[in-house]
*Asks:* 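What follows is a structure written as structure tokens; I'll ask about it next.
Positions are given from 1 along the sequence. Atoms within a ligand are numbered from 1 in the order they appear, just like the ligands themselves.
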Amino acid sequence: MIFYFSGTGNCRYAAEKLAHRLGVDAIDMMDAIRHRRYAYDCRKEPVGFVLPTYYWGLPIQVAGFLTRLACQWGKKPYVFLVLTCGQSTGDAGNMFAQWMKERALPFSATFAVKMVDNYVPLFAVPPKEEIVRLLEEADVALDEVAAQILRQECGDFNQLKGRAPKLITKTIYPFYRHRRKTRHFAVSDDCIGCGRCQRECPAKTIGMEDGKPVWKKPQCILCLHCLHACPTHAISYGSRSKKHGQYMNPNL
Ligand SMILES: Cc1cc2nc3c(=O)[nH]c(=O)nc-3n(C[C@H](O)[C@H](O)[C@H](O)COP(=O)(O)O)c2cc1C
């Protein structure tokens with residue numbers, strides 16, 4: 001069983017690839033939350049989490065999901081985390097380990113894989129050839145992660161923490177709460193009112209009024225799916241995202 005959260009497809013791709021290798025199901029965490037599916041029989045298979053790095057920490061919804069998760073565990077459960085990131089993870093792995101510990105959930109191994117950075121409020125989406133190269137390298141890294149999981153290796157195998165991970169997470173992660181404010185999103189006249197943003201928002205934060213998206217809650221997860229999936233690139237976040245492009249994992 002692999003639980004994943006994904007805004008632009010990197011984690012979904014990684015989770016589905018690993019699930020295929022391990023012969024287990026990949027489950028979208030937001031679907032599980034929406035349908036209140038928290039009970040799983042995990043006695044006979046490894047359990048994984050594939051999550052994006054957000055502000056050198058984790059998407060906020062993960063904590064609530066872990067609180068409600070009610071797995072039946074085997075005698076020796078093997079539970080792993082795979083973080084995807086654009087640059088580095090900071091201390092996100094330890095944040096997850098701590099969340100598991102606080103909920104008395106078992107935890108065995110952490111891995112990290114660099115993919116394409118989708119944080120367009122700050123960074124530009126790389127050119128197409130660079131995306132292809134990054135995702136080819138990610139595939140190689142995922143093969144190695146799958147092999148380690150199949151051998152049930154335990155420990156912290158994250159090589160992408162970057163400099164001073166504890167300090168950077170402690171300093172930067174608190175900003176995530178402020179940046180999740182939906183007032184930072186704007187919609188331009190390019191919007192064709194197709195409603196894709198509303199239908200696909202993982203947190204169901206978006207509604208449609210007069211044929212245009214409106215954010216119904218003051219905060220969202222900030223996965224940026226709406227911005228990246230918009231067919232006319234009509235959604236922006238802050239002043240710089242517009243010139244930084246759009247990205248959806250092309251391998252899905
Ligand atoms: C709100 C937000 C914050 C992010 N923070 C980080 C970060 O701290 N470090 C990093 O390397 N990448 C960061 N990223 C990039 C994502 O972790 C990366 O692109 C990830 O693979 C996206 O996964 P997804 O396509 O499944 O959503 C951030 C992206 C978003 C949307």
*Asks:* I would like to know whether Y13 and L18 meet side-chain contact (heavy atoms from CB on, under 4.5 Å); could you show each step before the answer?
*Replies:* CA-CA 9 Å; Y13 173 78; L18 291 173; over 6 Å; no
*Asks:* Quick one: do Y54 and M248 end up in the same hydrophobic cluster if we chain Ile, Leu, Val, Met, Phe, Trp and Tyr together by side-chain heavy atoms under 4.5 Å apart?
*Replies:* no
*Asks:* Can a donor-acceptor pair be found, under 3.5 Å and without considering hydrogens, that links the side chain of R103 to the backbone of A63?
*Replies:* yes
*Asks:* Considering only non-hydrogen protein atoms, determine which one is nearest to atom 21 (O) of ligand 1 and report residue, atom name and distance to 0.1 Å.
*Replies:* T84 OG1, 2.7 Å
*Asks:* Starting from atom 25 (O) of ligand 1, which protein heavy atom do you reach first, and at what distance in Å?
*Replies:* T8 OG1, 2.5 Å
*Asks:* Any N or O on Q87 sitting closer than 3.5 Å to an N or O of ligand 1?
*Replies:* yes
*Asks:* Give a yes or no on whether D189 atom CG has more than 12 heavy-atom contacts from other residues, nucleotides or ligands under 6.0 Å away.
*Replies:* no
*Asks:* Any nitrogen or oxygen of W56, main chain or side chain, under 3.5 Å from a nitrogen or oxygen of ligand 1?
*Replies:* yes
*Asks:* Under 4.0 Å, counting heavy atoms only: does N249 come that close to any atom of ligand 1?
*Replies:* no
*Asks:* Counting heavy atoms only, which of L252, L224, N118 is nearest atom 22 (C) of ligand 1?
*Replies:* N118
*Asks:* With heavy atoms under 4.0 Å as the rule, classify the contact between V116 and ligand 1 as side chain, backbone, both or neither.
*Replies:* backbone
*Asks:* Between the main-chain N or O of C220 and the side-chain N or O of R180, is there a donor-acceptor pair closer than 3.5 Å?
*Replies:* yes
*Asks:* Note the single closest protein heavy atom to atom 12 (N) of ligand 1, along with its residue, its atom name and the distance in Å.
*Replies:* G86 N, 3.2 Å
*Asks:* Is the shortest side-chain heavy-atom distance between T205 and T182 below 4.5 Å?
*Replies:* yes
*Asks:* Any donor and acceptor pair, going by atom type alone, linking the side chain of R34 with main-chain N or O of P202 inside 3.5 Å?
*Replies:* yes
*Asks:* For atom 27 (O) of ligand 1, grab the closest protein heavy atom and report residue, atom and distance to one decimal in Å.
*Replies:* G7 N, 2.7 Å
*Asks:* Say whether V145 and L160 are linked into one hydrophobic cluster, either directly or through other cluster members, by side-chain heavy-atom distances under 4.5 angstrom.
*Replies:* no
*Asks:* Looking at ligand 1, does any of its N/O atoms fall within less than 3.5 Å of an N/O of M115?
*Replies:* no
*Asks:* Do any nitrogen or oxygen atoms of L222 come within less than 3.5 Å of a nitrogen or oxygen of ligand 1?
*Replies:* no
*Asks:* In the protein, which heavy atom is nearest to atom 28 (C) of ligand 1, and how far is it?
*Replies:* T53 O, 3.2 Å
*Asks:* Indicate, as side chain, backbone, both or neither, the part of Y55 found under 4.0 angstrom from ligand 1 when only non-hydrogen atoms are considered.
*Replies:* both
*Asks:* Suppose we call two aromatic rings close when their centres sit under 6.0 Å apart. Are Y119 and Y55 close by that rule?
*Replies:* yes
*Asks:* Give the residue and atom name of whichever protein heavy atom lies nearest to atom 9 (N) of ligand 1, and the separation in Å to one decimal.
*Replies:* S88 O, 3.0 Å
*Asks:* Is it the case that the ring center of Y4 lies less than 6.0 angstrom away from the ring center of F49?
*Replies:* no
*Asks:* Looking at C11, which atoms of ligand 1 are within less than 4.0 Å of one of its heavy atoms?
*Replies:* 23 (O), 24 (P), 26 (O)
*Asks:* Taking distance alone, with no angle check, do N10 and ligand 1 share an N/O pair under 3.5 Å?
*Replies:* yes
*Asks:* Under 4.0 Å from a heavy atom of Y119: give me the atoms of ligand 1 that qualify, with their elements.
*Replies:* 1 (C), 2 (C), 3 (C), 28 (C), 29 (C), 30 (C), 31 (C)
*Asks:* List the closest protein heavy-atom neighbour of atom 26 (O) of ligand 1: residue, atom name, distance to the nearest 0.1 Å.
*Replies:* S6 OG, 2.6 Å
*Asks:* Counting the benzene-type ring for Trp, do W56 and Y173 have ring centres under 6.0 Å apart?
*Replies:* no
